[in-house]
Amino acid sequence: MGRPERPVTGPPHLESLALYLRAYRATAGVTYEEMSQYVDASPATLKRTAAGTKVPRWDRVAQFQHAIREINDVALYKVDEALPGPPDSHRVREALHTLWTYARREERGTLDVERVAPETVGNPAELRYALWTLYETAGAPPLRTVQARGGELILPLSSLARIVSREAIPADDQQLIAFLNGVGRRVTSHTWHGRWTEARARAISPREASKMLQHAPDADRDRDLLSFRPAAIRDRDFVSFSPVRVSRARMNREIRLGPTRTG
């Protein structure tokens with residue numbers, strides 16, 4: 001089995017993650033060299049994943065478990081002692097993700113951050129903060145990971161970076177749901193999405209929407225029409241403006257609607 005690993009001396013949650021990974025490997029009775037044959041990672045990389053010196057990327061933790069399952073699919077630790085029978089790989093995966101999330105939050109100093117219920121959101125500042133809490137309590141995964149889960153075309157990295165830094169809110173409901181999927185993993189549902197889209201509707205205002213149109217990247221502006229109509233035309237015959245385009249007024253920065261040019 002090779003020489004003994006060094007003792008874990010990191011912070012409490014990082015230590016818990018490292019010890020869990022080590023115990024999982026010991027129970028399976030496999031070496032890092034054997035594990036490396038089943039995943040795209042070297043023995044040294046896998047060993048560092050369980051070293052407890054710094055929080056590994058989540059994909060490295062997932063690789064660690066995948067390698068062990070490929071060699072010797074063992075059952076490790078009951079997540080809930082009250083549940084009958086041995087734990088399956090799904091429950092081990094969830095336990096690992098929980099440990100990793102707390103280790104990440106410990107590293108980022110956000111252990112005291114709590115998720116905000118969408119029903120309490122009533123203005124843009126509260127929505128920005130609420131979405132930030134979702135990101136941080138998910139362990140602040142890499143932006144490209146969030147984007148891949150939510151959809152690259154819907155959630156540009158520039159927009160995502162502004163959302164998680166509390167500088168902006170999603171441009172429309174479609175982008176909001178993409179963000180929720182990106183940070184929510186398997187907890188997302190139509191009901192959950194609906195609660196958040198209602199929160200966004202309460203938080204958004206014509207003034208806030210105008211600011212979003214002025215500062216959003218060009219790739220986002222086409223979608224903004226789907227979620228915002230200026231108060232001045234909200235009750236008018238919108239069909240007469242279709243197809244429409246939104247552009248900035250040069251002098252007074254008001255939103256101006258006009259027919260789309262063709263040809």
Hey, what else clusters with Leu111 if you join Ile, Leu, Val, Met, Phe, Trp, Tyr whenever side-chain heavy atoms sit under 4.5 Å?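 Tyr102, listed by chain and number.
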
Are Arg195 and Glu119 close enough that some pair of their side-chain heavy atoms sits under 4.5 Å apart? yes

Residues [X] and [Y]: side-chain donor-acceptor under 3.5 angstrom:
X: Ser42; Y: Thr45; value: yes
X: Thr133; Y: Arg115; value: no
X: Asp173; Y: His193; value: no

I need the minimum non-hydrogen distance between [X] and [Y], along with the two atoms involved.
X: Leu131; Y: Pro170; value: CD1-CD, 3.3 Å
X: Glu106; Y: Leu14; value: OE1-N, 3.1 Å
X: Ala50; Y: Phe64; value: CB-CE1, 4.0 Å
X: Ala203; Y: Val121; value: CB-CG1, 4.1 Å
X: Arg166; Y: Arg128; value: O-CD, 3.3 Å
X: Ala199; Y: Pro118; value: CB-O, 3.4 Å

Please determine whether side-chain contact (heavy atoms from CB on, under 4.5 Å) holds for the pair Leu96 and Leu21, giving the CA-CA distance in whole Å, both sets of side-chain angles, and the decisive distance to 0.1 Å. CA-CA 8 Å; Leu96 283 170; Leu21 289 168; 3.6 Å; yes

Check for me whether the distance between the ring centres of Trp132 and Tyr129 falls short of 6.0 Å. yes

Against Leu155, only a single residue in Leu176, Asn181, Ile177, Val146 fulfils side chain to side chain contact (heavy atoms under 4.5 Å, CB included); can you say which? Val146

For Arg108, is the CZ atom crowded, meaning more than 12 foreign heavy atoms sit under 6.0 Å from it?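 Yes - once you tally the heavy atoms of other residues, nucleotides and ligands closer than 6.0 Å, there are more than 12.
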
Taken in chain and number order and not counting sequence neighbours, the residues that satisfy side-chain hydrogen bond (donor to acceptor under 3.5 Å, both in side chains) with Glu107 are Arg104

What's the verdict on salt bridge (charged side-chain N to carboxylate O under 4.0 Å, His left out) for Arg25 and Glu5, showing C-alpha distance, side-chain angles and the deciding distance? CA-CA 12 Å; Arg25 186 181 70 87; Glu5 296 183 271; 3.3 Å; yes

Can you check salt bridge (charged side-chain N to carboxylate O under 4.0 Å, His left out) on Arg105 and Glu136, steps first, answer last? CA-CA 7 Å; Arg105 294 176 64 184; Glu136 289 295 339; over 6 Å; no

